[in-house]
Amino acid sequence: MKMYPIYPHLTNSPMGDTGIEYYPESHKALAIAHLIDHNKHKSITLGLLFENVHSIKHKPKNQTTADELGCDIGLPHFLYANDLAEYKIYVFHSENFFIIVKAQKVELIEGLTFA
Amino acid sequence: MIETFPENTVLDSTYTTFTQGVLPTTSIRVKIDHKPIEYAFYDVLDCNQQLLTYTSESISQLYILQESKELSKVLENIPDLPSQEIDLTEFKHYVLIIKDQRFDVFAAEHTKENGFLEIYREQTLVKKITT
């Protein structure tokens, strides 16, 4: 499984806090994170809205998990995905953890704050 | 076994925070007899949420899995957190099943509180896009 960055202009900010909330009734999950937008040359707060969520996991960031996911432990970018037909595996990360979301779609949402 | 839930228990939402220097916290919010109850798990080393095939015989419950091989594997790969002391003996493999949702949570402790601690859904935009 090969992962690729789907928003190459977004990288984690030094303050790598993030969070994810899951809503089973709508099968959606929302992650909010502080990121660096290299197009706008500034740090921003962005939402990632996942739709038709099948599963969510988080695992410590180490080489074993990185190898299983097919991504680099260095992870310069914020969000990665693979190319499965119906569902994609999306991987984003905090300082010490991979967050792995199996879903059909993701969308960037502006105008949110990280409480 | 910690708790068995009545038939009308529903999963409302889950929330996990990842803050620099400390282990994550995962909250699982359920409505039991229409009352909001939040189960918070602290120092979560690993968490898997998955859909199960729901049958009428499925039991919604929260329990600690004793002698968990998965927990042993998780404890072999703990993250290096210089700002937080980690006592490996504190960690447990919690299993929370609500109808067709199963959560395997590898955490040091848990609490049960009345009401939901809302963070994201206090924002009008979040309510709009997540319903």
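Just so it is clear: chains get the letters A, B, ... in the order the sequence lines come, proteins before strands, and each one is counted from 1.
Among pairs with a residue in residues 88-100 of chain B, none fulfils salt bridge (Lys or Arg N to Asp or Glu O under 4.0 Å), at least two apart in sequence or across chains.
Residue Leu51(B) belongs to no hydrophobic cluster, having no ILVMFWY side-chain heavy atom closer than 4.5 Å to its own.
Among all heavy-atom pairs drawn from Ser13(B) and Pro24(A), the shortest one is CA-CD, 3.8 Å. Nearest heavy-atom pair across Asn96(A) and Gly21(B) is ND2-N, 4.4 Å. Closest heavy-atom contact between Thr130(B) and Lys28(A): CA-CD, 4.0 Å.
Using cut-offs of 30° and 60° on the angle between ring planes, the pair Phe18(B) and Phe97(A) is tilted.
A 4.5 Å side-chain heavy-atom check between Asn77(B) and Thr65(A) finds every atom pair outside the cut-off.
Of the possible polar contacts, one joining the Gln123(B) side chain to the Thr113(A) backbone as a donor-acceptor pair under 3.5 Å is found. Although no hydrogens or angles enter the test, the distance criterion places no donor-acceptor pair under 3.5 Å between the side chain of Gln20(B) and the main chain of Asp17(A). Of the possible polar contacts, one joining the Tyr120(B) side chain to the Gly19(A) backbone as a donor-acceptor pair under 3.5 Å is found.
For the pairing with Tyr23(A), the side-chain contact (heavy atoms from CB on, under 4.5 Å) check across Thr14(B), Thr131(B), Val126(B) returns one residue only, Val126(B).
Between chain B and the options Leu112(A), Thr64(A), Val53(A), Ile109(A), the largest number of non-hydrogen pairs under 4.5 Å is found for Leu112(A). Interface check for chain B: of the options Gly111(A), Ala33(A), Ser94(A), Pro60(A), the most heavy-atom pairs under 4.5 Å are formed by Pro60(A). Between chain B and the options His27(A), Lys57(A), Glu25(A), His54(A), heavy-atom pairs under 4.5 Å are most frequent for Lys57(A). Among Thr17(B), Leu11(B), Thr25(B), the residue making the largest number of heavy-atom pairs under 4.5 Å with chain A is Leu11(B). Annotation: maximal heavy-atom pairing with chain A below 4.5 Å, among Ile129(B), Asp12(B), Val10(B), Val74(B), occurs at Ile129(B).
Contacts of Leu49(A) with chain B are made by side-chain atoms alone, with heavy-atom separations under 4.5 Å and no backbone atom involved. Of the two parts of Ile100(A), neither the backbone nor the side chain holds a non-hydrogen atom closer than 4.5 Å to a non-hydrogen atom of chain B. With a 4.5 Å cut-off on non-hydrogen atoms, Gln101(B) touches chain A through its side chain but not through its backbone. For Glu95(A), the part lying near chain B is the side chain, with the backbone staying farther off; criterion is any non-hydrogen pair under 4.5 Å. Thr26(B) touches chain A through its side chain: at least one heavy atom from C-beta onward sits under 4.5 Å away, while N, CA, C and O do not. Only the backbone of Glu110(A) comes within contact range of chain B, judged by heavy atoms closer than 4.5 Å. Contacts between Arg121(B) and chain A at a heavy-atom distance below 4.5 Å involve backbone atoms as well as side-chain atoms.
Contacts between residues 38-47 of chain B and chain A, defined by a heavy-atom separation under 4.5 Å, are made by Val44(B), Leu45(B), Asp46(B), Cys47(B). For residues 59-72 of chain B, an interface with chain A (any heavy-atom pair closer than 4.5 Å) does not exist.
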